[in-house]
Amino acid sequence: MLRHITPLKRDMQYDHEAAQAVLPVRAHFSDGRVVDTTVVFDPDQMQVFSIQLERAIAARQHAFSKTPW
């Protein structure tokens, strides 16, 4: 069973001919296996992912600004 997926430390690539972006990721399974693969985004998915990522970054920054030091 798939546990989670983590991005690899490599750049997302855009394929102009296919009109898609490809993000290298590592799939982690509950039995300990790992498999390197990709997540493919079409143009609409890229836009939605960009918005969601911006929101997550803003939430993280907001949380850190409220953390007492």
Side-chain angles (χ1 to χ4, degrees):
M1 174 188 272
L2 181 64
R3 240 183 1 174
H4 65 275
I5 295 175
T6 55
L8 293 176
K9 294 183 179 181
R10 298 195 331 233
D11 288 340
M12 178 182 272
Q13 299 294 314
Y14 183 73
D15 181 342
H16 180 71
E17 291 181 14
Q20 63 189 22
V22 179
L23 176 66
V25 297
R26 178 164 289 151
H28 301 260
F29 293 88
S30 55
D31 65 1
R33 289 180 303 125
V34 294
V35 176
D36 289 352
T37 187
T38 58
V39 176
V40 178
F41 296 88
D42 68 25
D44 291 336
Q45 292 167 325
M46 282 188 281
Q47 188 66 36
V48 170
F49 188 71
S50 173
I51 292 166
Q52 292 171 342
L53 189 56
E54 286 178 20
R55 288 180 182 164
I57 291 168
R60 179 178 181 264
Q61 290 171 337
H62 181 72
F64 277 123
S65 69
K66 293 189 176 258
T67 303
W69 297 101

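Keep in mind the model is a prediction, meaning the values are calculated, not measured.
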Which residues share a salt bridge (Lys or Arg N to Asp or Glu O under 4.0 Å) with R60, sequence neighbours left out: none
Correct closest heavy-atom pair for V35 and F29 would be CG2-CE1, 3.7 Å
Please tabulate, for side-chain N and O atoms in residues 3-28, each donor-acceptor pair with protein atoms closer than 3.5 Å (sequence neighbours left out).
unit_1	atom_1	unit_2	atom_2	d
T6	OG1	H28	NE2	3.0
D15	OD1	E17	N	3.1
D15	OD1	A18	N	3.1
R26	NE	D36	OD1	2.6
R26	NH2	D36	OD1	3.2
R26	NH2	D36	OD2	3.1

Return all side-chain donor-acceptor pairs below 3.5 angstrom for residues 37-47, not counting sequence neighbours, or 'none' if the list is empty.
unit_1	atom_1	unit_2	atom_2	d
D42	OD1	D44	N	3.1
D42	OD1	Q45	N	2.8
Q45	OE1	D42	N	2.8

